[in-house]
**Student:** 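Below is a structure I'd like to ask you about.
To find a chain, count down the sequence lines: A is the first, B the second, and so on, and within it residues start at 1. We use all heavy atoms of the structure for the numbers below, so side chains are in, but hydrogens, waters and symmetry mates are not. Predicted model only: the values in this text are computed from it and were never measured.
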Number of protein chains: 2
Amino acid sequence: MTDRYHHGDLRRALIDAAVEAIAESGPSALSLRAVAKGAGVSHAAPAHHFGDKSGLLTAVAAEGYDRFADALDRAWEATGSFIEVGIAYVRFAIDNKAYFETMFRPELLHEDDPELARAEARSRAALIRGSGEPKPGPDGEAPEFNANALGAWSLVHGFAGLLMTGNFPPSVAADPEGALREIANHVRFGDG
Amino acid sequence: MTDRYHHGDLRRALIDAAVEAIAESGPSALSLRAVAKGAGVSHAAPAHHFGDKSGLLTAVAAEGYDRFADALDRAWEATGSFIEVGIAYVRFAIDNKAYFETMFRPELLHEDDPELARAEARSRAALIRGSGEPKPGPDGEAPEFNANALGAWSLVHGFAGLLMTGNFPPSVAADPEGALREIANHVRFGDG
DNA sequence: GCGCCAGTCTTGACAGTGTCAAGTTGTTCG
DNA sequence: CGAACAACTTGACACTGTCAAGACTGGCGC
């Protein structure tokens, strides 16, 4: 199946190869030719499916946002806990480093891609839902972030980022989830 | 001065050109040859001063960490306010996008560079000092981050990151400092 | 059952990149 | 003055993304 002229699902294979490569050296070091070689096709094959190198990265990011939304939704539905959604946020970053890093590097992506926009919106919705203040817009309009949600989002996002860039002391890096739970025990969100 | 064979201060000129280029397209898109051309020297000149492309980026990051530490120190000394240090953190990220982005991309840097380590340590110290809990180690050992400091650091770092990647709604992007102050009004750090 | 066509992939080329080796120019100091 | 040394240049190499052109296939209508 993988050595036919018509690959079967080359698009899938290329994304998988890309994710693997990104996991090792980051999204900016991705080589289209290396990805193609990894999938056993010629160096120009990716262009046909993704147009661009940015196109491939955009596809990875979109898939990442979908998986991210799934993870956040699962956490909220399983626990109904604001904090557990935050934990899931960080856990996703750790377990899906390649996806997560790609998602938050807009300069490498086609920001106008509709698939990306759709998946991104899903994640945003999951995040707002999990922020504990579902409060649908007064006339059914899209719900917005309030100060508490923005603060919580910033906190978990920053925690994930600092963790992944190696900026935390070893004690935190050894047990990130524990450290985050302790932070949660010390932080209170209120109405100012 | 700039067109002599011996440039005078080519190192400085290259860093400046690099910062300018990074501000436009991010650190991963930096082209050594373009930087060299911008400084009016041959394409291999940068190698002599920085060895590597990573070497140049490391120099930029180190200088960034120094400026960052300065900014945090200034904010703390001027106000003695925990919150104002956080504001200064985000303001630095906005005003020095090129430096800030480079500082937090370890995969592009020589992480073992002593200059980088020194400047990084300065920033870390400034951050701990500004976190409001100076509490020097019992026996003069380096002070550590506690849960409150980790939480506050994560919050401002995440806020800066999400802001710069365009993930915040327009209302927040239009007045980031105001939004951050409002978040600060809603968040309380305590002892759990 | 057959031909043809749209879609899939390959081949070859191009300009641009980082890095290395060797050579050239300038400065400094004995 | 000359010799050692640093700063920079020149040329080459392998590698990259992208484009144009061609080759192969599977499946469609007839």
**Student:** How many whole angstroms separate atom CG of B:Leu32 from atom P of C:dC20?
**Tutor:** 12 Å

**Student:** Looking only at heavy atoms, which two atoms of A:Pro176 and A:Phe159 are closest? And how far apart?
**Tutor:**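 Closest approach of A:Pro176 to A:Phe159, heavy atoms only: O-CZ, 3.5 Å.
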
**Student:** Taking atom P of C:dT19 as reference, at what distance in whole Å does atom CG of B:Leu56 sit?
**Tutor:**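 Computing the B:Leu56:CG to C:dT19:P distance gives 10 Å.
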
**Student:** Kindly determine whether B:Val187 and A:Val187 satisfy side chain to side chain contact (heavy atoms under 4.5 Å, CB included), including the steps that lead there.
**Tutor:** CA-CA 7 Å; B:Val187 174; A:Val187 174; 3.9 Å; yes

**Student:** Between A:Ala44 and A:His48, which residue's closest nucleotide on DNA chain C lies nearer the 5′ terminus?
**Tutor:** A:His48

**Student:** When the distance from CZ of B:Phe50 to C1' of D:dC8 is rounded to whole Å, what number comes out?
**Tutor:** 14 Å

**Student:** Is it the case that C:dG16 (base atoms only) and B:Arg33 (side chain only) share a donor and an acceptor within less than 3.5 Å, ignoring hydrogens and angles?
**Tutor:** no

**Student:** Taking NZ from B:Lys37 and C1' from C:dA15, how many angstroms apart are they, rounded to a whole number?
**Tutor:**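 Atom-to-atom, B:Lys37 to C:dA15, this comes out as 12 Å.
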
**Student:** Please report, rounded to the nearest Å, how far the P atom of D:dT18 is from the NZ atom of A:Lys53.
**Tutor:**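 It works out to 8 Å between those atoms.
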
**Student:** Looking at C:dG7, does its base get a donor-acceptor pair with the side chain of A:His49 below 3.5 Å?
**Tutor:**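 No, no donor-acceptor pair under 3.5 Å.
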
**Student:** B:Tyr89 side chain to B:Leu72 main-chain N or O, any donor-acceptor pair under 3.5 Å?
**Tutor:**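 Not a single qualifying donor-acceptor pair exists.
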
**Student:** What pair of heavy atoms forms the shortest contact from A:Ala179 to A:Val172, and how long is it?
**Tutor:**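 Shortest heavy-atom contact: CB-CG1, 3.7 Å.
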
**Student:** If only side-chain N and O atoms of A:Ser31 are considered, is one of them under 4.0 Å from the OP1 or OP2 phosphate oxygen of D:dT16?
**Tutor:**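 Checking D:dT16 against A:Ser31, a side-chain N or O does come within under 4.0 Å of OP1 or OP2.
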
**Student:** Atom CG of B:Leu108 to atom P of C:dG18: distance rounded to whole Å?
**Tutor:**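 Answer to the nearest Å: 13 Å.
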
**Student:** Quickly work out the B:Leu10 CG to C:dG26 P distance and round it to whole Å.
**Tutor:**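 About 16 Å, once rounded to whole Å.
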
**Student:** Rounded to whole angstroms, how far apart are CG on B:Asp52 and C1' on C:dG18?
**Tutor:** 9 Å

**Student:** Report which part of the nucleic acid B:Ala47 touches: base, sugar-phosphate, or nothing (heavy-atom distance under 4.0 Å, all strands).
**Tutor:**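 It contacts nothing in the nucleic acid.
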
**Student:** State whether the distance check finds a donor on one side and an acceptor on the other, under 3.5 Å, for side chain A:His43 versus base C:dG12.
**Tutor:**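 For A:His43, whose side chain was compared with the base of C:dG12, there is a donor-acceptor pair (under 3.5 Å).
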
**Student:** So, for B:Ser154 and A:Leu155, which heavy atoms are closest and what is the spacing to 0.1 Å?
**Tutor:** CB-O, 3.4 Å

